[in-house]
Amino acid sequence: MKTFDVYPLTPITPVKAKGSWLWDNKNEKYLDLYGGHAVISIGHSHPYYVEKISEQLNSIGFYSNSIINPLQEELAYKLGALSGYSDYNLFLCNSGAEANENALKLASFKNERKKIIAFEKSFHGRTSLSVAATNDSSINAEINKTHEIEFLPLNNEEGFLNTIDDSVCAVIIEGIQGVAGIHIPTDSFLELLRKKCDETGAILILDEVQSGYGRSGKFFAHQYAGIKPDLITIAKGMGNGFPIAGVLINPDFKAKYGLLGTTFGGNHLACAAAIAVLDILTSENLIESAFALGVKWMKQLKSIEGIKEVRGMGLMIGIEFDFPIAELKNTLTNEHHVLVGTASNKNVIRLLPALNVKQEEIELFNNALTKSLTKQLQNT
Ligand code: PLP
């Protein structure tokens, strides 16, 4: 049997990883500033993380979700404390798409409506409802026939005001649009969404799958706007690569048996990984440091000639050029051994490093980018 070839892969086979570095099977070393679609939050093979997962594996390693698991309580407690959402409840699952699927389901259970407002260029995953709420022409989004989805331009208050009414089930928005190439909802736009959802009974869902877990310099990107969503979805950095995801649920939503379910969600090993991540974010002050590193890095990037725009918050940064970045990315990978991400906007480099990336690693990237850009501009 062969694997089903449906997405491109970076042509590197890593065999070892430490901090922000990967070593491939030819013993070549690469600086990883993309972290496998933003999943590496506390760095590769962090000793405390490895120790906690190993300990768990040697006690009760794998177990599905049919028996009391005190680690779920510990995870919910620590997540509530660090995120500022102690009063919310936590439903654990396995991926970002699944978290959004469950959030959209909870919303329609609550108000029994079907219309969903999402935003242009959004990405929410690939289960049926989450992909229906995804507005990316490169993704084959078969619209889910059970729900009516309306896509609106991000940050366009008038468009939103003309559409929101008491037939709307939910408004779903990314804390920062990642796949699209780093686009940030304004504070006033998020405040308006909150206000109109309150007035109409629509459920406000913040998809913090990519922008959450400290990446923006706050635990959640929406916390810059000072609003509280009804539901918040999380994944990616939560397990530092171990698959785990969740929905933070406002206490107005009442739990009852059968409402949601999962076999693997919140299993022992996944919880051990997620608790270790929260412990490290706390003990190493990684959220504050992501903020400070991001401010400095974006300022440095803005001074590099040949860049059209730098957008971002904390360590979620988009660098836009006047031309497609494919060649630039190849030069960075092959000649400088630096791994960066792309976006659905082909002119954008996406940086999603581990939150403990070092200043000297950032400078190494800046130099590599400057040299690669000079080479590219000379050749055109
Ligand atoms: N939501 C956002 C904002 C994402 O960026 C992604 C993945 O890139 C998802 C949801 C889907 O997550 P997963 O691939 O874990 O299903």
Side-chain angles (χ1 to χ4, degrees), residues 4 6-10 34-41 91-107 116-136 138-141 144 149 151 154 170-185 190 204-216 219-222 229 231-248 262 264-266 270 273-274 277 311-318 340-345 348 350-353:
F4 200 47
V6 282
Y7 41 79
L9 297 171
T10 303
Y34 185 55
H37 305 309
V39 304
I40 301 300
S41 47
F91 177 74
L92 290 166
C93 51
N94 308 285
S95 70
E98 212 188 305
N100 285 327
E101 191 81 11
N102 280 300
L104 289 163
K105 261 162 62 177
L106 278 175
I116 291 164
I117 294 180
F119 294 92
E120 288 173 3
K121 303 194 180 96
S122 54
F123 183 76
H124 298 294
R126 297 183 190 255
T127 55
S128 64
L129 259 183
S130 62
V131 82
T134 288
N135 185 222
D136 182 335
S138 65
I139 290 160
N140 182 15
N144 185 303
I149 318 268
F151 293 103
L154 186 70
V171 177
I172 182 165
I173 183 166
E174 285 163 81
I176 299 171
Q177 284 193 338
V179 173
I182 315 297
H183 295 284
I184 307 171
L190 288 177
L204 180 58
I205 304 173
L206 250 296
D207 178 344
E208 294 271 6
V209 163
Q210 191 170 145
S211 53
Y213 257 77
R215 177 155 296 285
S216 72
F219 195 90
F220 290 124
H222 70 260
L231 302 167
I232 306 164
T233 53
I234 52 177
K236 296 213 186 258
M238 187 176 183
N240 201 48
F242 199 103
I244 181 165
V247 189
L248 275 63
T262 171
F264 293 124
V277 167
R311 299 183 288 270
M313 272 175 159
L315 293 175
M316 184 161 179
I317 300 174
V340 297
T342 55
S344 57
N345 177 341
V348 173
R350 217 166 14 133
L351 298 174
L352 299 159

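First listed ligand is number 1; within each ligand, the first listed atom is number 1. Predicted, not measured: the structure shown is a model, and the values here were computed from it.
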F219 and Y213, any side-chain heavy atoms less than 4.5 Å apart: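 Touching, per the 4.5 Å side-chain cut-off.
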Pair M316-I182, side chain to side chain contact (heavy atoms under 4.5 Å, CB included): steps then yes or no: CA-CA 7 Å; M316 184 161 179; I182 315 297; 3.7 Å; yes
More than 12 heavy atoms from other groups under 6.0 Å of CZ on F242: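 Yes - once you tally the heavy atoms of other residues, nucleotides and ligands closer than 6.0 Å, there are more than 12.
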Distance-only polar pair, side chains of N100 and T233, donor-acceptor under 3.5 Å: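 Distance-only check passes for N100 and T233.
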Test item: side-chain donor near acceptor, Q210 and R350, under 3.5 Å: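 Short answer, yes.
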Aromatic plane relationship, H222 with F220 - under 30° parallel, 30 to 60° tilted, over 60° perpendicular: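 The arrangement is parallel - the two ring planes meet at less than 30°.
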Residue shell around ligand 1, heavy atom under 4.0 angstrom: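 Within 4.0 Å of ligand 1, protein side: S95, G96, A97, N100, F123, H124, G125, E174, D207, V209, Q210, K236.
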